[in-house]
Asker: 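Below is a structure I'd like to ask you about.
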Amino acid sequence: MENSRASLTNPMAFGGAALAIFFAWLPAVFLVLGHPAWPLFIGLFVLPLLEWMVGDYQGPIPYWNFWALRVILAGIALQGLVGAYFAQHYAWWLVILAGAGSGYAAGGSGNALGHELGHSRALWDRRLAKWFFTTVCFGHYTQEHGAGHHVLVGTPKDSLYSYLSDTLSSFSHRNMIKQLRLGIEIATVRGNLWSEVYGPIFFYVLINLVIGYLAGWKGMLFLTVQTVVMYLVDASITFIQHFALHRKEIDGRFERIGPQHTWDCRNWVTTLVSFNNCRHVDHHINPGKDLNGLEPVPEAPQLPYGYAVMGTLANFPSVFRRIMENTGAQLAR
């Protein structure tokens, strides 16, 4: 059965929306429950298990009101700041686990929604996305993504360019550096270095100083761990979405972006918790579509499992590479 959009009056769509919000706000939920370390373990073990259990099942996808998306993203940003404040009461080991759990939510749900609102034509949506990314020292992403990645995808200058020989570790290191450099390059040309690159870094440092004043070194450690894990989760997802798919250069120009240049994922749980971001092929072919309009593209390379399972497998390079080669996609060596 092909999944279709449904209103929240549909019980399965309502359950899917609740699951997406639950994973987005895991740190806040378990902060209230008094178990701030649990979100990390739920993200690392429960989410991949859910993806694996649903297999090829295609349930209904909730239709998202954009005000709901704005509230969810603002909540993700705020839960990180509130978590950092309360970290002053934790043991040091718990600060690290709680910060990592918050970073997991920021890198997964937060990145998906920040990405979506960063594409919005509405100024305040883009500002909300910028504010969220600033809290995790990723403010340069919004402009670099639209003016850099979408134009350069599948070409050597793209910050997400990868080879079959790449490991998640080698890709992550290169990706972070290339993303920042490309962000600076684009902002320099456009004359907005402060608002797009240096300003967000300044305010990230300022946030750390304020949290340090209010919650001490533990609060600052929480924010640092949250940022590092956010980067790692984002790198894992982007590594999967564009792994070893290149555009051919013909007569000095790269071919037009097509379905063969991005990995699609049809796992129902991934579709829910990524707010449809895993329908990534349609997003690149039709970047003007909002998340409610994205559709699976059957002719695109298909990931055999959901993002959480594939992200786990990416930590085992030989296994991951063999699985990707067995999909039959034309992978660049």
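In what follows, every heavy atom counts, from backbone to side chain, and hydrogens, waters and symmetry copies are set aside.
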Asker: Can you tell which of His280, His261, His283 makes a ring-ring contact (aromatic ring centres under 6.0 Å, His included) with His242?
Answerer: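 Among His280, His261, His283, the one that satisfies the ring-ring contact (aromatic ring centres under 6.0 Å, His included) with His242 is His280.
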Asker: Compute the ring centroids of His115 and His149, then answer whether they are less than 6.0 Å apart.
Answerer: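 Ring centres of His149 and His115 not closer than 6.0 Å.
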Asker: In this structure, is the centre-to-centre distance between the rings of Phe243 and Phe320 below 6.0 Å?
Answerer: yes
Asker: Does the separation of the ring centres of His246 and Tyr163 fall below 6.0 angstrom?
Answerer: yes
Asker: Is the count of non-hydrogen atoms from other residues, nucleotides or ligands lying under 6.0 Å from Tyr305 atom OH greater than 12?
Answerer: no
Asker: How about Trp217: does its CH2 atom have over 12 heavy atoms from other parts shown lying under 6.0 Å from it?
Answerer: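 Counting other residues, nucleotides and ligands, CH2 of Trp217 stays at 12 neighbours or fewer.
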Asker: Quiz question: by atom type and distance under 3.5 Å, do the side chains of Glu51 and Tyr307 form a donor-acceptor pair?
Answerer: no
Asker: Hey, does Asp290 have a side-chain heavy atom less than 4.5 Å from the side chain of Trp64?
Answerer: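 Not in contact.
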Asker: Please indicate whether Tyr63 has more than 12 foreign heavy atoms, meaning atoms of other residues, nucleotides or ligands, lying under 6.0 Å from its OH.
Answerer: no
Asker: For Pro296, is there any backbone N or O sitting under 3.5 Å from a side-chain donor or acceptor partner on Asp264?
Answerer: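 Not confirmed, Asp264 side chain does not pair with Pro296 backbone.
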Asker: Assess whether side-chain contact (heavy atoms from CB on, under 4.5 Å) is satisfied between Arg70 and Phe66, documenting all intermediate values.
Answerer: CA-CA 6 Å; Arg70 294 166 187 139; Phe66 262 66; 4.0 Å; yes
Asker: Strictly distance-based, threshold 3.5 Å: is any side-chain N or O of Arg126 a donor or acceptor partner for the main-chain N or O of Arg121?
Answerer: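 Yes, the answer is positive, given that a donor and an acceptor are paired below the 3.5 Å cut-off.
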Asker: Nearest heavy-atom pair of Gln179 and Ser159: which atoms, and what distance?
Answerer: CG-OG, 3.5 Å
Asker: I need the minimum non-hydrogen distance between Gly107 and Val233, along with the two atoms involved.
Answerer: C-CG1, 3.5 Å
Asker: Please round to the nearest 0.5 Å and tell me the distance separating atom CG of Leu294 and atom CD1 of Ile285.
Answerer: 11.0 Å
Asker: Heavy-atom count around Glu299 CD within 6.0 Å, excluding the residue itself: above 12?
Answerer: yes
Asker: Just verifying a value: how many Å separate Gln241 CD and Trp263 CH2, rounded to the nearest 0.5 Å?
Answerer: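 Answer for the CD-CH2 pair, Gln241 versus Trp263, is 12.5 Å.
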Asker: Could you tell me the separation between the CG atom of Leu223 and the CD1 atom of Ile211, rounded to the nearest 0.5 Å?
Answerer: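 Answer rounded to 0.5 Å: 5.5 Å.
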Asker: Once rounded to the nearest 0.5 Å, what's the spacing between atom CG of Leu272 and atom CZ of Phe23?
Answerer: 10.5 Å
Asker: What's the separation between atom NZ in Lys289 and atom CD in Glu116, rounded to the nearest 0.5 Å?
Answerer: 12.0 Å
Asker: Within a reach of under 6.0 Å around CH2 of Trp92, are more than 12 heavy atoms found that belong to other residues, nucleotides or ligands?
Answerer: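 More than 12 heavy atoms, drawn from other residues, nucleotides or ligands, come within 6.0 Å of this atom.
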Asker: Between Thr9 and Ser7, do the side chains contain a donor N or O and an acceptor N or O under 3.5 Å apart?
Answerer: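 A donor-acceptor contact under 3.5 Å links the two side chains.
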Asker: With a 3.5 Å distance limit and no angle check, can you tell me whether Gln79 reaches the backbone of Ala28 through a side-chain donor-acceptor pair?
Answerer: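 Such a contact is found between Gln79 side chain and Ala28 backbone.
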Asker: If I compare all heavy atoms of Gly306 with all of Cys265, which pair ends up nearest, and what's the gap?
Answerer: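 Nearest heavy atoms, Gly306 then Cys265: CA-SG, 3.8 Å.
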Asker: Using a cut-off of 6.0 Å, state whether more than 12 heavy atoms not belonging to Trp52 lie near its atom CH2.
Answerer: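 For Trp52, atom CH2 is not crowded (no more than 12 foreign heavy atoms under 6.0 Å).
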Asker: Closer than 3.5 angstrom, by distance alone: can the side chain of Asn286 be matched with the main-chain N or O of Gly288 as a donor-acceptor pair?
Answerer: no
Asker: Using every non-hydrogen atom in the two residues, find where Phe275 and Leu113 come nearest and quote the distance to one decimal.
Answerer: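 Nearest heavy atoms, Phe275 then Leu113: CG-CD2, 3.7 Å.
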Asker: Taking atom OG1 of Thr142 and atom CG of Leu117, what is their separation to the nearest 0.5 Å?
Answerer: 11.5 Å
Asker: Determine the minimum heavy-atom distance between Ile76 and Trp25, stating which atoms define it.
Answerer: N-NE1, 3.7 Å
Asker: Determine whether Leu164 and Glu325 make a side-chain contact, defined as any pair of heavy atoms from C-beta on separated by less than 4.5 Å.
Answerer: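 Heavy-atom side-chain distance check passes, below 4.5 Å.
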Asker: Pro301 and Thr262: which non-hydrogen atoms are nearest, and at how many Å?
Answerer: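 Heavy atoms only, the tightest pair is CD-O, 3.5 Å.
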Asker: Would you confirm whether the ring centroid of Phe171 sits within less than 6.0 angstrom of the ring centroid of His173?
Answerer: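 Ring centres of Phe171 and His173 not closer than 6.0 Å.
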Asker: Does Ser102 use its side chain to pair, donor to acceptor, with the backbone of Gly99 at less than 3.5 Å?
Answerer: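 No, the answer is negative, given that no donor and acceptor are paired below the 3.5 Å cut-off.
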